[in-house]
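Notes to accompany the following structure.
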Amino acid sequence: MNSTSLPPGPSTPRPLQTIRWIARPAAMMEDCRRRYGDMFTLRIAHEGTWVFLADPEAVKQVFTGDPRVLHAGEANVVLLPMLGHHSVLLLDEAAHMSQRKLMLPPFHGERMRGYEQTMAEVAREEIERWSLGEPHAVRPATQAITLEVIMRTVFGVQDGERRERLRRALREALEWGSDPRRMALLATLGPQRVARAPMFRNVREPADELIYDEIRLRRDADDLEERDDVLSLLLQARHEDGSPMSDDELRDELMTLLVAGHETTASALAWAVERLVRHPQVLARAREESEAGGDEYIDAICKETLRLRPILSLVLRRLKQPMEIGGRLLPAGVTVAPCIYLIHRRPDVYPEPLAFRPERFLEGQGGTYTWIPFGGGVRRCLGASFALFEMRVVLRELLARLELRAPQARSERMVRRAITLVPERGGEVVAERRPTRESAPARVAA
Ligand code: HEM
């Protein structure tokens with residue numbers, strides 16, 4: 001196998017493929033799989049050539065492949081203006097590994113229990129404000145929860161006033177990035193030029209100033225060693241040569257954690273609610289088990305939600321050398337895209353793939369290369385345990401406090417928001433307060 005080739009794909013011109021990919025990603029992936037099979041090629045505007053992979057064996061090849069050949073950071077360059085050059089999401093090879101090693105310990109699964117109380121408290125405060133008796137979207141509320149949780153557990157800002165200022169600046173910066181017109185601008189100008197553009201710097205700089213202040217204050221804090229927020233842990237982390245992380249590195253990684261962890265988890269929670277209110281039996285079982293002190297079923301609900309409604313439909317790796325995948329030698333320069341969305345809908349892995357059935361995760365369905373909402377290999381999401389833990393805590397609080405029903409039977413469609421897939425109406429529910437009771441006696445397992 002010496003000559004390289006691309007798998008088949010639509011022959012429509014690149015701009016048309018791009019428009020369809022932006023407007024109807026789910027329908028496009030499903031059509032292409034039907035027509036071309038488990039490996040197909042799309043051509044997306046400035047992104048170049050993408051080879052979609054919908055076969056678990058091919059996905060395994062990518063996730064276990066050589067990181068010198070498979071560059072993920074390079075494929076994420078559109079995030080550069082917001083995240084900065086040190087971001088773990090944008091680095092590759094040795095530089096990526098060394099940054100990732102510093103960041104792994106604070107996100108170790110067992111550490112999550114320390115954040116439970118904060119997460120539950122933030123969720124309760126937000127749930128208190130929910131409007132009752134009329135349809136309203138849950139995504140703004142889950143977004144407020146996940147932002148607040150990150151500010152307290154990752155940034156570790158304890159002072160209420162400073163938190164408010166930071167919250168406002170971060171929201172503005174995040175909003176800037178998720179506006180579709182700005183996405184178009186990014187595509188046209190390219191990330192390097194956007195990073196230097198005054199209109200972008202005007203939103204980024206106020207947030208940066210507050211973050212740098214927080215870093216400086218924390219460096220001098222005399223209780224640094226007792227604190228368990230991620231920033232405090234990163235301040236104590238050391239590179240292999242014994243040097244601490246610089247302020248710029250810390251700023252970039254905090255921004256990375258915010259951007260990677262805030263809307264993703266908020267949308268996953270909105271989807272969980274959207275699915276639950278359309279499956280009253282699942283909802284009833286979840287409440288029963290949660291009140292009895294278990295969280296296995298809620299965990300299965302989170303996994304099933306992320307299977308059927310993955311927030312990201314694919315992950316990307318740019319090939320630095322030709323690589324054989326799925327029996328075909330792909331040329332250097334193309335981007336391979338393990339397709340989360342299509343893998344999760346394979347009937348040979350998930351019988352009745354379109355059914356929302358959390359029980360399948362109690363029965364052991366889903367494996368390293370077939371349940372991949374968090375990607376995989378050396379690039380697997382650093383916040384996977386954090387996100388799943390937060391989802392369980394927030395759902396438990398919701399179920400304990402509110403009766404929830406769907407304002408209409410029809411499921412919400414998946415629509416694109418920047419690079420994520422969110423419910424078209426933000427996960428609409430009608431909520432009523434339940435009689436107050438003590439919160440569930442159980443704790444959520446880390
Ligand atoms: C339901 C919520 C989330 C989803 C669906 C999600 C999904 C993903 C995916 C698909 C990737 C790329 C993996 C790959 O290329 O193989 C990723 C990377 C990453 N995620 Fe998440 N994520 C979530 C929440 C979080 C949270 C809460 C944090 C941190 C607070 C976080 C931090 C990161 C980081 C730092 C990376 C880059 C890892 C690397 O390049 O080494 N994510 N995430």
Side-chain angles (χ1 to χ4, degrees), residues 53 59-60 62-65 67 70-77 79 83 86-104 106-109 111-112 115 119 142-143 145-147 149-156 229-231 233-234 252-272 302-303 305-318 335-341 343-344 368-369 371-395 419-422:
L53 306 173
V59 169
K60 181 177 179 183
V62 173
F63 286 168
T64 55
L70 295 147
H71 275 195
E74 202 178 310
N76 291 332
V77 66
L79 297 169
L83 304 189
H86 302 284
S87 166
V88 67
L89 258 168
L90 301 182
L91 297 170
D92 280 305
E93 301 193 29
H96 165 258
M97 241 339 166
S98 96
Q99 207 69 2
R100 188 173 162 97
K101 272 194 198 146
L102 293 175
M103 295 174 73
L104 271 170
F107 286 98
H108 195 276
R111 290 205 62 264
M112 295 306 119
Y115 299 144
M119 289 173 172
T142 54
Q143 228 168 281
I145 293 173
T146 58
L147 178 59
V149 164
I150 287 188
M151 288 213 303
R152 294 196 200 184
T153 61
V154 175
F155 287 62
D229 56 87
V230 174
L231 171 56
L233 297 170
L234 292 180
D252 288 358
E253 299 310 4
L254 286 176
M255 206 52 152
T256 299
L257 295 170
L258 174 73
V259 167
H262 152 61
E263 286 209 13
T264 44
T265 314
S267 299
L269 275 165
W271 274 124
C302 299
K303 290 182 172 149
T305 300
L306 288 168
R307 178 187 74 81
L308 258 184
R309 299 289 187 266
I311 305 305
L312 295 159
S313 55
L314 42 76
V315 294
L316 300 171
R317 308 283 188 266
R318 187 153 298 161
T335 300
V336 290
C339 186
I340 301 172
Y341 179 89
I343 290 276
H344 285 182
T368 312
Y369 307 108
W371 186 74
I372 54 169
F374 297 107
V378 295
R379 305 302 300 221
R380 187 171 188 269
C381 175
L382 272 169
S385 300
F386 186 99
L388 285 171
F389 188 79
E390 181 174 4
M391 285 178 76
R392 293 200 294 271
V393 173
V394 174
L395 286 178
I419 57 167
T420 61
L421 296 175
V422 302

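Because the structure is predicted, anything quoted here is derived from the model rather than measured. Just so you know, ligand 1 is whichever comes first in the structure, and atom 1 is the first atom listed for that ligand.
Ranking protein heavy atoms by distance to atom 6 (C) of ligand 1, first place goes to F374 CD2, 3.6 Å. Nearest protein heavy-atom neighbour of atom 35 (C) of ligand 1: L382 CD1, 3.6 Å. What sits closest to atom 23 (C) of ligand 1 on the protein, heavy atoms only, is T264 OG1, 3.6 Å. Counting protein heavy atoms only, atom 42 (N) of ligand 1 is closest to C381 SG, 3.0 Å. For atom 26 (C) of ligand 1, the nearest non-hydrogen atom of the protein is G261 CA, 3.3 Å.
Under the 4.0 angstrom criterion for non-hydrogen atoms, H96 is in contact with ligand 1. Ligand 1 has G376 within reach: a non-hydrogen atom of the residue lies less than 4.0 Å from it. In this structure, V154 does not count as a contact residue of ligand 1, since none of its heavy atoms falls inside 4.0 Å of the ligand.
Residues R379 and D92 are paired through a salt bridge, judged by an N-O separation under 4.0 Å between the basic side chain and the carboxylate.
When side chains are defined from C-beta on, F155 counts as touching I150, because their heavy atoms get closer than 4.5 Å. No side-chain heavy atom of M255 sits less than 4.5 Å from a side-chain heavy atom of S87. Looking at V230 and Y115, their side chains come closer than 4.5 Å, going by heavy atoms from C-beta outward.
Atom numbering of ligand 1 starts at 1 in the shown order; those under 4.0 Å from a heavy atom of A387 are 1 (C), 2 (C), 24 (C). Within ligand 1, counting atoms from 1 as listed, the ones closer than 4.0 Å to a heavy atom of V315 are 10 (C), 12 (C), 13 (C), 14 (C), 15 (O), 16 (O). Atoms of ligand 1 lying under 4.0 Å from at least one heavy atom of P373, given by number and element, are 5 (C), 7 (C), 10 (C). When each atom of ligand 1 is checked for a heavy atom of L89 under 4.0 Å away, the hits are 37 (C). Each of the following atoms of ligand 1 lies closer than 4.0 Å to a heavy atom of A268: 1 (C). Each of the atoms 38 (C), 39 (C), 41 (O) of ligand 1 lies under 4.0 Å from some heavy atom of R100. Listed by number with element, the atoms of ligand 1 under 4.0 Å from a non-hydrogen atom of F386 are 27 (C). Close contacts of ligand 1 with L312, meaning ligand atoms under 4.0 Å from a residue heavy atom, involve 7 (C), 8 (C), 9 (C), 10 (C).
In this structure, the side chain of E253 engages the main chain of V88 through a donor-acceptor pair within 3.5 Å. Put simply, the side chain of R318 never gets that close to the backbone of A75: no donor and acceptor are under 3.5 Å apart. Under a 3.5 Å cut-off, the side chain of W271 and the backbone N or O of I311 do not form any donor-acceptor pair.
Rounding to the nearest 0.5 angstrom, the gap separating the CD atom in E93 from the CD atom in E74 is 9.5 Å. In this structure, the separation between CG on L91 and CG on D252 is 9.0 Å, given to the nearest 0.5 Å.
Contacts with ligand 1 closer than 4.0 Å are made by heavy atoms of both the backbone and the side chain of T265.
Summarising the contacts of atom 14 (C) of ligand 1 with R309, E263, E253, R317, the nearest heavy atom is found in R317. Between R379, M97, H262, M391, it is R379 that holds the heavy atom closest to atom 13 (C) of ligand 1.
A side-chain contact (heavy atoms from CB on, under 4.5 Å) with S267 holds for exactly one of V422, L312, T142; it is V422. Of the options R380, H344, R307, a side-chain contact (heavy atoms from CB on, under 4.5 Å) to I372 is made by H344 and by none of the others.
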Problem set entry | L388 and L306: CA distance, side-chain angles, deciding distance, side chain to side chain contact (heavy atoms under 4.5 Å, CB included) verdict | CA-CA 10 Å; L388 285 171; L306 288 168; 3.9 Å; yes
